[in-house]
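One structure below.
For ligands, and for the atoms within them, numbers begin at 1 and follow the listed sequence.
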Amino acid sequence: MILKFPEGFLWGTATSAHQVEGNNNLNNWWHWEEGGGSKPREKSLSACDHFNRFDEDFALAKSLHQNTHRFSIEWSRIEPKEGEFSDSALYHYRKVLEALHRQGMKPMATLIHFTLPQWIAQKGGWENHQILFWFERYVRKCVQSFGDLVPLWITINEPMVYFFQSYVMGEWPPESTEGLKKKKVVQHQIEAHGVAYHVIHEENEKHSYKAQVGLAAYYRVFHPWNVSSPLDRFVVKLRDWVFNLLFLKAIHTGFIDFPICFHTEIPNLKGAWDFIGLNYYTREKVQFSFKHSHHLFSKHIEPINEKINDLGWEVYPEGIYEALKQLNQFQKPIYITENGICTQADRERQQFIVDHLSQVHRAIKDGVDVKGYYHWSLLDNFEWAEGYSPRFGLIHVDRNNQERIPRDSARLYAEIALTNNLEVRD
Ligand code: FCB
């Protein structure tokens, strides 16, 4: 059976600066890798050297029929010192954007993908209310410099993942486990999103540039460990609310709700998005647990019989359908801004692509307005705290010589992108 995707559907891949560029030595992650954290860890070093090889990487993506690309701008390169903007970094990202246009690939630019300039981290990062001022100034500079070249902007990547990893689990810098004591981190990110949305439109209007603005939201599907347990079902709702929906509801309604605030209205926030970016990877089964009060009274039960990826995350294609249906309540166009699998076995990646895209197609058939799909990722890259062993790339990267070798999954994805069709067995 042939599943047809809507005309003009965008097919691409996503990356982020720190994971592919190399030598981002002015941000907080680099500092952390270099011994700023509680234990030694793998360093990003030259990553995929994409900073120097972006041209050939985009040419390769284009040869694989991708017609769009999502990448991130590294704030610490643009503003290496407080209030000082780097002309060479601004020039660099213009070159990146021009290269994408030359290839006929629509750019989607992310303004912040987890990393912060070290000078901001030293002043408390997202905990410091002043970040709203710093972020606004940085965003304005980016839009003034690249507004003519960027049709799709992402303000912030996965703000809730950032909060959970950095302030609940303590696994990412600044390794805090204070959780809701640091809830202002979430509030600042919500406010920063709203500010960025208006700055982008305001600056673009001065020149009649057109762009759409959204954020990339991680959506993890939660299911109860025991479907007949009311407590398991309750904690599923709680996690879904806090982790998946609270941030989005705030933008939709203009109010930040419990447990971050008590229905606090944020000026100019309501409706401050033109689309939603969905990052989907996995499902989690959760069980009520009194002992896990800091995790919303819920415990993650490791998958036992289910298929998992190399990091132990369950592979659950139906989840992307479920996530799309949930997000459809906001009645905004949706881009799938990330979806992928880390595996050494490329056959699994091929199956993953087919199974997930079938579910995306199912959602489109049900009326969800999905505009495009960005596979994570173009290249094997630096997977944050996990380092280089997880392989997420459609393209294998040899760490010794930076050679790029497209996998069969890259060719399968290229065929889908070229034909705008997915062939599935009946
Ligand atoms: C997402 C991140 C992305 C990458 C993938 C595997 O949560 O946005 O940078 O690490 O996971």
Side-chain angles (χ1 to χ4, degrees), residues 12-22 24 27-30 32-33 41-44 47-48 50 69-76 108-116 126 153-169 171-173 189 193 214-222 243-244 247-248 276-284 300 308-316 319-320 323 335-344 348-349 352-353 356 373-395 397 409:
T13 48
T15 61
S16 88
H18 193 70
Q19 295 178 274
V20 295
E21 284 182 349
N24 271 318
N27 73 27
N28 62 331
W29 272 89
W30 184 276
W32 193 60
E33 292 160 21
R41 44 185 74 251
E42 197 173 346
K43 298 177 184 184
S44 57
C48 308
H50 179 72
H69 184 68
R70 175 177 173 226
F71 72 102
S72 78
I73 298 169
E74 175 61 34
W75 187 353
S76 63
M108 178 183 271
T110 304
L111 286 156
I112 189 158
H113 196 120
F114 298 149
T115 56
L116 284 172
W126 283 104
W153 288 99
I154 294 284
T155 54
I156 306 178
N157 182 67
E158 298 184 353
M160 292 311 287
V161 169
Y162 177 81
F163 178 69
F164 270 84
Q165 294 290 80
S166 300
Y167 289 94
V168 179
M169 309 297 286
E171 284 171 4
W172 289 1
Q189 293 201 325
H193 166 83
L215 78 160
Y218 184 96
Y219 195 106
R220 184 173 299 177
V221 165
F222 296 112
F243 197 69
N244 293 330
F247 204 100
L248 304 177
I276 303 174
L278 163 66
N279 293 1
Y280 172 77
Y281 287 91
T282 189
R283 154 175 89 164
E284 245 183 57
H300 164 52
I308 55 170
N309 73 10
D310 288 355
L311 284 170
W313 308 348
E314 186 188 349
V315 175
Y316 185 66
I320 198 165
Y335 291 86
I336 293 153
T337 37
E338 284 181 32
N339 175 235
I341 177 173
C342 69
T343 177
Q344 299 279 352
E348 287 177 8
R349 190 177 343 269
F352 180 99
I353 291 172
H356 283 73
Y373 175 88
Y374 294 79
H375 191 79
W376 184 275
S377 183
L378 179 65
L379 307 165
D380 286 340
N381 61 42
F382 180 71
E383 179 49 31
W384 305 114
E386 318 294 339
Y388 282 108
S389 53
R391 299 287 177 158
F392 274 98
L394 292 175
I395 297 171
V397 177
S409 51

So, [X] and [Y]: side-chain donor and acceptor under 3.5 Å apart, yes or no?
| X | Y | value |
| --- | --- | --- |
| Asn27 | His18 | yes |
| Tyr388 | Asp380 | no |
| Tyr218 | Glu338 | no |

By salt bridge (charged side-chain N to carboxylate O under 4.0 Å, His left out), Glu33 pairs with (sequence neighbours left out) none
Correct closest heavy-atom pair for Gly340 and Phe352 would be O-CZ, 3.2 Å
From the list Thr13, Thr15, Asn157, side chain to side chain donor-acceptor pair (under 3.5 Å) with Arg70 holds only for Asn157
Report every pair formed by an N or O atom of ligand 1 and a protein N or O atom separated by less than 3.5 Å, giving atom names and the distance to 0.1 Å.
| residue | atom | partner | partner atom | Å |
| --- | --- | --- | --- | --- |
| ligand 1 | 7 (O) | Glu158 | OE1 | 2.6 |
| ligand 1 | 7 (O) | Glu158 | OE2 | 2.9 |
| ligand 1 | 8 (O) | His113 | NE2 | 3.3 |
| ligand 1 | 8 (O) | Asn157 | ND2 | 3.0 |
| ligand 1 | 8 (O) | Glu158 | OE1 | 3.3 |
| ligand 1 | 8 (O) | Glu158 | OE2 | 3.3 |
| ligand 1 | 8 (O) | Glu338 | OE1 | 3.1 |
| ligand 1 | 8 (O) | Glu338 | OE2 | 3.0 |
| ligand 1 | 9 (O) | Gln19 | OE1 | 2.7 |
| ligand 1 | 9 (O) | His113 | NE2 | 2.8 |
| ligand 1 | 9 (O) | Trp384 | NE1 | 3.0 |
| ligand 1 | 10 (O) | Gln19 | NE2 | 3.3 |
| ligand 1 | 10 (O) | Glu383 | OE1 | 2.7 |
| ligand 1 | 10 (O) | Glu383 | OE2 | 3.1 |
| ligand 1 | 10 (O) | Trp384 | NE1 | 3.1 |

